[in-house]
Each structure stands twice: as structure tokens, then as C-alpha cells.
A.B. asks: 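What follows is a single structure, and I will ask about it in a moment.
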Amino acid sequence: MKINFWLLDIDREESEGKTIIRLWGITDKNERIVIYDKTFQPSFYLLIKNEWISTFLKKLEEEKENLKIKEILKEDKKFFGRKIEALKLIFNSFEDLIKCSEKLTNRIEVAECLENDLRPAFKYMIEKNVIPCCWHEVEVKEIDKKTVMVDKAYEAVSSPNLIEKKDIPNLKILSFSITCYSKVGFPNPTKDPIILISACTNFNDKKQFFVFNFNDKEVINDFSRFINEFNPDIIVGFNNNNFDWPYLIERAEINKIDLAITRNGVKPHKSLYGHVSIAGRANLDLLDFAKDIPEIKLETLEELAEFLKIEEFESKPLISNVSKYVETEDGKKLLIKNSLINAELILKCFKMLLEFFIQLSSVTGLPLDQVIAAPVGFRVDSYLIRQAYKLGELIPKRKEQPYQSYKGGMVLSPKPGLHKNIAVLDFASMYPNLMMLYNVSPDTLVSLNEPLNENVFPIPEVEHKFRKEPPGLYKIVFSNLLAERKKINAQLNQLSPESIEYKLLKERSKAIKIITNACYGYAGWVGARWYSKEVAESAAALGRKAIKEVINIASEEGLKVIYSDTDSVFIENLPEKIKKLQEKTLNKIGVEIKVDKIYKKIIFTEAKKKYAGLTQENTIDIVGMEAVRGDWANIAKIVQRKILEIMLIEEDLKKALDYLKSFIKKLRKEKFDLKDFILWKTLTKPVNEYEIKAPHIEAAKKLIQKGWRLTTGDKIGYVIIKGSGKLYEKAEPYELVNNIEDIDVEYYIFHQVIPAASRVLKVFGLSEKRLIDLASASSLIDFSSG
DNA sequence: GCACGCCCAATACCC
DNA sequence: ACGGGTATTGGGCGTGCG
């Protein structure tokens, strides 16, 4: 029989010396299914050194049985664009493959083992062109599903075929959040129980499991039972990969509970990219997504909801100490309520992101749960592997290699001051376009000692050259990516923006853009399979040449350049001249430069990468300045924003100064909220590895002492409290501050508010020293009069 | 003894 | 665990001054 299914998850099992691929999906009849594909043959490639090439095959045939090789084939492949003959070794199981490749890797006849580093489920998808989050048709026969939590189980008769069906099945989604109890500090799963779990589903369930007698056995059991009853396709949480699941798993172990919530009836396990994998379902962590969004600074669920513009979500009070709340009935009620708000909010956020996640998965070819957890570099890796395979290329290995830096984009010093009517022009996808034009790719790179001729592109400034033909991997990949986006944009014009097709295509376009823009950085990343310093360096050099050319053309046209950064120029908004500049640029460079934005007014300081502009819609863009930085106190950001607003709209210096003065006065007099003073900094390594003393590190140490478990990537929120000595001695984690009176307001005035205000005001001739004098004087006046 | 300049580590941002 | 370019802060240290 034939069935159509949408691929949700894929993994493998080893059974009787054979690797069997398991495809977990949903059919067009809305059934949850698993398909076992026993037709997959694990394989890897051997490249033989030239001198052994004629004799090695025979030798290997003799050892075939011993090495558990099922079959040996000669194949014509390509490796970095060069035609090459490779031996394909085929096995029954992946285990056999690994053992054999380990034995052969160091043989003198062997130049290289390839593709033995690709995981079977992944290799299967590549070979069979099976794509996650897409529909496939497959010939199957039904088998006993045993205890597997699906509607039906099948064995594949032949391999699945991708079909042109674009919709998404009716997925069952479960969101959840756990609350743990600890008497002091951060909960520790070896001793502190889970007291509360909330779960919501897109079928309108709102379930809560709790006990306040600190025996969490029942809570975990009930939750686990509920998961299996509802049988979700997707489980989603916030920080569930690093908190909820590890905690649940450890508590389950301590309570001797079998946390059998995967579709094949075992417990979740840590997988690739450090995420928690739940076989047959997709376990997703919204924190992974939040970390990819630069606008999201603190990486909290609330911030994510705000970013997604989720309206009227109930805000909950800051609960820093659960133990206090369990003491009273009201406290318990509040905990229960908050927990549900969390689970609901997670579900709401997820519903807005589902289509994007699905497209990211199908574009990159990584399973849904993996793609969300995977760093950008591995998403690109996966995409390139698929494309390279289609071209008959062998997949290079990730190699340990030394890091080499190279020269990047060009940044011009801005002309400080307030400018009016300024246009911002930038190249559309500069690096991808230049790399396509000059066929910049690892497989087209010409070696240094080869002479320059008409068949190669020389790259300015750097010594590299690239063959004009045939198109290299990056050129092919970029052409495909740009072509597909173009096609999508055309399709979008034909669709109603309210339709699901529109939403899906829009999100696909976004996913493609992300991959396109990541490729240049990927090429310069030592961890990349297709790493090439020469490629990245050449792209950067071409970029510098292109933008320099634009600047030249601007001066030819008599357009004053105010500022430029990498692929953009800020110039006077003179439409006729700009049009000319665009034409000349396209002619000379071959890449289009577009008017991205027009500012009615724009303020530049002396510094690069910092400015604030008044848009035509009368909104204010702030770039790089303190007001958009996560590591400045709210009070400083508020003041800077307001002063920018006054100077951009009214250009009233006196008003700005008066505002500053009154704000400082208010700061000294009134009670502000603790959160307005918090300074946030990220730990970039474990606390004990820091060799220096710094405020956020000292604050982190205090938290650790109180039982917090802090790791790399955690955000430390601290405030500066009154006292003497070094700043780091006055840094206190905000969680440990009980009295707002302890805040050292004077520090904030002189080290936060004034510097932030001064950044703007000094452009208008007000020195920081004057502001400091002003604040000091007003302090004296207030002191003497009050 | 300390103000000052200088260098460095650390961090966050821009494109 | 995608790149380089850049600004900025606070710690630490040496220097020169009084």
C-alpha cells in the first residue's frame, strides 16, 4: 500500500546487526505513524593514494569479510571540484562501518576516509532526498506496532519520495513549565523536588500537577501520563533543554520512575547540539530561538513575547524565592497561577513561530528539533552537504585547524553633528553577490604559483584568484538560494496575505535569507566543512573595493558622504544624483545598490557604528548607542533616548539640558524601581576561570555562594550599592538586594546617566565636564538646602 | 599618596 | 561553536608631581 506522510522526526535503531532507519510522521489522514526502513545501507568512501590505487582494491576484497564490508564499489565522485575515483564501502550496520573506518583510517594506502562522520539518519535523508517537515509518498506494509505510541507502524517496501504538498498537518502541540522548590538558592535536582508542572496544549487542555508535600513522585508520574495520553507531536518549553528536562530526568531517576515519554517508550536523552531528544516527537526550546534574536537582550520568556508582539499577556510578579511562597495558601495560589501563565505564554509564542521553524528545518534539511538547537554554522553545514551531494561531491570532514584572521569590511569615520535629509544606500546581499560574480569558492581557488590568465578572476589587495568556470559550490548555492527567494516573492504577490500559504512562503523566504547571509561568515569559520580563509578574505576584499568605488562615484556626482560601514553609504538625499550613482554603481560593480532608508535628520558623534536618526515616519532609529545596549542601566537609556528625541525633533539644547537636570534631581529625591538600576552582563566562561576582578564577576561569585548554578552564557544582573572601595566590591546581584536605599545613586548619575547624555550633548558643544560640574553643583545645592 | 596616562580584558554592538 | 571592525568600561600598573 501507498501512504503519504509528513516527516516529523527521524532516527535509527540497531537490530540484529542491522541499522534500521525510523521515520516518524503524520499521514494525510492525520494518523501518527512510524515507518521502519531496512533498505538503508550505511556506507563511507575511501580515497586511495595514487601509488596504491591499482593494488589496494584487491587487497581489500580479501579482507572484506574480516572487516564486515558488505560490498565494495568504485564510484566517480568529485572532491573540491576535482574528479576523483573513490571506493564506496557498504555495510549492514553503522557499528560495522565505524569499526571498519577506524581500522582503515591509518592504513598507509588510504589517503582519506570520507562520510564516515555523517550520522545514519542524516545520510539516509541526503541519499534518498528525504526532507524533514515535508510530505513524502512511500510504499509500505503494515506491521504490528507493539508498544510504540503511534496509530500505525509500517515497514518501507521502497524508499520515500518527496511530493509537492505544501501544507502542514494538524500538529498536536504541548507546552510546559516546571517549578522547583529549594529552601535556599537555586534548586538542585539531587535534593530539591519539583512541586508544580503546568502543561497546555493546542487542543485547549490546561493541566496542572502539583503537591506541596515535597514528594514529587506523583507529580512527575502524572505529567508523564498526561504526555502519553495527549501524545503530542511537538513539546515546547523555555529553557527546557538545559533546565526542565535534565531536572525531570534526574528527579525521575531519584524517584525510580520510568520517564517513558518518547514514542518508542523510553526516556528522553541528550543529543546532538546539546538538546534533549524525544524520539518520535520534536522537543523544542524557545530559548534557543530567543538567543538568535539580537533585539532580545535578556533572553527571558516575557521579552520573547514582547518581541513577538503578543498582546496582553498577563505579567507576573518577579518570584525570586519560591520557598517563601509555599508557606502560605495565597503564595501557593500565586505560584500555580504564574506557572500556568508561563505554559500558556510558551504556547502562544510557539504558535507564532511554528511556520518559521518548519521552513528552517526543510530548507536546511535538519530535523525540526535539531535545527532549532543547532548553531548557525551547523545549519549552513547541513544545507551545503545536501547541495554538494546533489553535485556528486564528496563531503569534506570538519578538521582541526589553526584560526587565521583576515581583513574585513571598511568603516569610515562619520562627520560628527546633526545632518538633514540623508539617504542610506546599501548593497543587497553584497557578499553573496560578489562571491557569485567572481566565482569565489574553495573548489575554484587557483593555487598561488599558477600564473594569472584570462580564465581566472584575480582578487584585489589579496593574492588569490578563482577559476571563472565551472561554477563553484558557493556560486551554485547562492544562485539557488537567490533564485528561490525571487520565485517566492513572485508567488507572494499572487496570494492573499491572510492565507496560510502566504505565511508559509513568507517564513520560507526568511529562512532562506538567514542561510544566504550566513554563508560568508561560515566560509571564514574554522569549524566549517567548507572553511576557506582565502574565500572569506577574497569576499571581504571585493566588498571593500565595491564600497570604495561607490564612495568615488558619490564624489564624482558631488554627493557628500557622511558615513559608510561595510556595504552602506550615508549621503545627501539628492534623488537625481543618487539615481546616477546607482546606475554607475551597477555598471561598474555589477551589484545593485538600493536606497534603504531616508532620514529627515541624523546625529553622528565622533564614533563609528553609533548614530540616531529621525525617519520619514517620525520614528527614531537608534544604532549602537547606549540606549540600545543591554549592559546599561534603564535610567541611562531612558535619559539618552529622551535627549535624542529632543535634539532630533526640536533641536532645543536648553530643553535637553533642563530635562537632564530635572531627571538627576528626581533620581536623588525619589525612589525608582530596582530594575531600573540593573546592569546586565553575560558570563563568557565559567566564573573560576576569570583572572581579573570585575563587577559582574564578583556579583556572579556571590550568587554561586548562595547556591546558584551559573554557567557560560548566563546573564548576571547586578547593581552598584553604596560603600567604599573598588567598583567590583560594590557590585551586588539584584536578587540579593532587599533595600532600594542601598543603591549608590551617585554612581549611576556620574557613570551611567551623564556619560549616556553626554554622548549626545557633546555633539552640540556641551562637554562632559560641564555636565559633571552641573550635577556636582546641584548635588551641593540640594544638600545645603535639604 | 595619588592623579594621570597607558594597556589590557571583557563585553556588546554594527554590518 | 558563522566573520571582522569598533567603542567603551573598569582594573592594574608605572610615572611624575608635590
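In the text below, chain A, chain B and the rest are named by the order of the sequence lines, each starting its count at 1.
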A.B. asks: Measuring to OP1 and OP2 of dT9(C), would you say a side-chain N or O of Lys681(A) lies under 4.0 angstrom away?
C.D. replies: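 The answer is no; no side-chain N or O of Lys681(A) sits under 4.0 Å from OP1 or OP2.
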
A.B. asks: Closest to the Val411(A) side chain: dA10(B), dG5(C), dG11(C)?
C.D. replies: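 My answer, after comparing the listed nucleotides, is dG5(C).
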
A.B. asks: With no hydrogens and no angle check, do the side chains of Thr364(A) and Arg386(A) hold a donor and an acceptor under 3.5 Å apart?
C.D. replies: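 There is no such pair (donor and acceptor under 3.5 Å, judged by atom type) between the side chains of Thr364(A) and Arg386(A).
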
A.B. asks: Taking the minimum atom-to-atom distance to the side chain of Val623(A), which one of dC14(B), dA1(C), dA10(B) wins?
C.D. replies: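 Shortest atom-to-atom distance from the side chain points to dC14(B).
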
A.B. asks: Kindly indicate, with the supporting measurements, whether the criterion ring pair (Phe, Tyr, Trp, His ring centres under 6.0 Å) is fulfilled by Tyr734(A) and Trp680(A).
C.D. replies: CA-CA 10 Å; Tyr734(A) 79 94; Trp680(A) 292 94; 5.5 Å; yes

A.B. asks: Look at all strands and tell whether Tyr563(A) reaches a base, only sugar-phosphate, or nothing, counting heavy atoms closer than 4.0 Å.
C.D. replies: nothing

A.B. asks: Give the C-alpha distance, both sets of side-chain angles, the deciding distance and a yes or no for side chain to side chain donor-acceptor pair (under 3.5 Å) between Lys685(A) and Thr712(A).
C.D. replies: CA-CA 5 Å; Lys685(A) 53 187 174 188; Thr712(A) 309; over 6 Å; no

A.B. asks: Using a cut-off of 4.0 Å on non-hydrogen atoms, how would the nucleic acid contact of Gly408(A) be classed: base, sugar-phosphate, or nothing?
C.D. replies: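 If one applies the 4.0 Å heavy-atom cut-off, Gly408(A) turns out to touch the sugar-phosphate alone, with no base involved.
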
A.B. asks: Does Tyr690(A) reach a base, just sugar-phosphate, or nothing at all? Heavy atoms under 4.0 Å.
C.D. replies: sugar-phosphate

A.B. asks: Is the backbone N or O of Pro396(A) less than 3.5 Å from a side-chain atom of Arg529(A), with the two atoms forming a donor-acceptor pair by type?
C.D. replies: yes

A.B. asks: Checking all strands, does Tyr747(A) fall into the base, sugar-phosphate, or nothing category for heavy-atom contacts under 4.0 angstrom?
C.D. replies: sugar-phosphate

A.B. asks: What nucleic acid atoms does Ser568(A) come within less than 4.0 Å of, heavy atoms only: base, sugar-phosphate, or nothing?
C.D. replies: nothing

A.B. asks: With a 4.0 Å cutoff (strictly under), does any side-chain N or O of Tyr728(A) reach OP1 or OP2 of dA10(B)?
C.D. replies: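 The answer is no; no side-chain N or O of Tyr728(A) sits under 4.0 Å from OP1 or OP2.
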
A.B. asks: Is Gly630(A) touching bases, backbone alone, or none of the nucleic acid, heavy atoms closer than 4.0 Å?
C.D. replies: sugar-phosphate

A.B. asks: Counting only side-chain nitrogens and oxygens, does Arg544(A) get under 4.0 Å of the OP1 or OP2 atom of dG4(C)?
C.D. replies: no

A.B. asks: Are the ring centres of Phe604(A) and Tyr611(A) closer than 6.0 Å?
C.D. replies: yes

A.B. asks: Tell me whether the side-chain N/O atoms of Thr682(A) come closer than 4.0 Å to OP1 or OP2 in dA12(B).
C.D. replies: yes

A.B. asks: Considering only dG10(C), dC2(C), dT8(C), which nucleotide approaches the side chain of Ala518(A) most closely?
C.D. replies: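 Of the candidates, dC2(C) comes closest.
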
A.B. asks: Examine dT11(B): is either OP1 or OP2 under 4.0 Å from a nitrogen or oxygen in the side chain of His696(A)? Give yes or no.
C.D. replies: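 Indeed, a polar side-chain atom of His696(A) lies that close.
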
A.B. asks: Could you tell me whether Lys533(A) contacts a base, only the sugar-phosphate backbone, or nothing, with contacts defined as non-hydrogen atoms closer than 4.0 Å?
C.D. replies: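 Here Lys533(A) touches no strand at all.
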
A.B. asks: Nearest to the side chain of Lys297(A), heavy atoms from C-beta on, is which of dC13(B), dC2(C), dG3(C)?
C.D. replies: dC13(B)

A.B. asks: Consider the side chain of Lys726(A), meaning its heavy atoms from C-beta on, and name the nucleotide among dA1(C), dG12(C), dA10(B) that approaches it most closely.
C.D. replies: dG12(C)

A.B. asks: Respond yes when some side-chain nitrogen or oxygen of Tyr611(A) is under 4.0 Å from OP1 or OP2 of dT6(C), and no when none is.
C.D. replies: no

A.B. asks: Starting from the 5' end of DNA chain C, give me the residue, Lys693(A) or Ala607(A), whose nearest nucleotide shows up first.
C.D. replies: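 Mapping each residue to its closest nucleotide by heavy atoms, the 5'-most match is Ala607(A).
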
A.B. asks: If you look at every strand shown and take non-hydrogen atoms under 4.0 Å, does Arg398(A) touch a base, only sugar-phosphate, or nothing?
C.D. replies: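 If one applies the 4.0 Å heavy-atom cut-off, Arg398(A) turns out to touch nothing in the nucleic acid.
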
A.B. asks: Looking for any heavy atom pair under 4.0 Å, which part of the strands does Tyr273(A) touch: base, sugar-phosphate only, or nothing?
C.D. replies: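 Since no nucleic acid heavy atom lies under 4.0 Å of Tyr273(A), the category is nothing.
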
A.B. asks: To the nearest 10°, give me the bend of the helix from dG1(B)-dC17(C) to dC15(B)-dG3(C), comparing the axes of its five terminal pairs at either end.
C.D. replies: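 Rounded value for the end-axis angle: 10°.
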
A.B. asks: Just checking Val526(A): base, sugar-phosphate only, or nothing, at a heavy-atom cut-off of under 4.0 Å?
C.D. replies: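 If one applies the 4.0 Å heavy-atom cut-off, Val526(A) turns out to touch nothing in the nucleic acid.
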
A.B. asks: Out of dC15(B), dT6(C), dC2(C), which nucleotide sits closest to the side chain of Lys608(A)?
C.D. replies: dT6(C)

A.B. asks: With sugar-phosphate meaning primed atoms plus P, OP1 and OP2, does Ala536(A) contact a base, only sugar-phosphate, or nothing at under 4.0 Å between heavy atoms?
C.D. replies: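 Nothing: the residue Ala536(A), judged by heavy atoms under 4.0 Å, touches no strand.
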
A.B. asks: Keeping Ser441(A) on the side-chain end and Thr444(A) on the backbone end, is there a donor-acceptor pair under 3.5 Å?
C.D. replies: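 Side chain of Ser441(A) to backbone of Thr444(A): no pair is present.
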
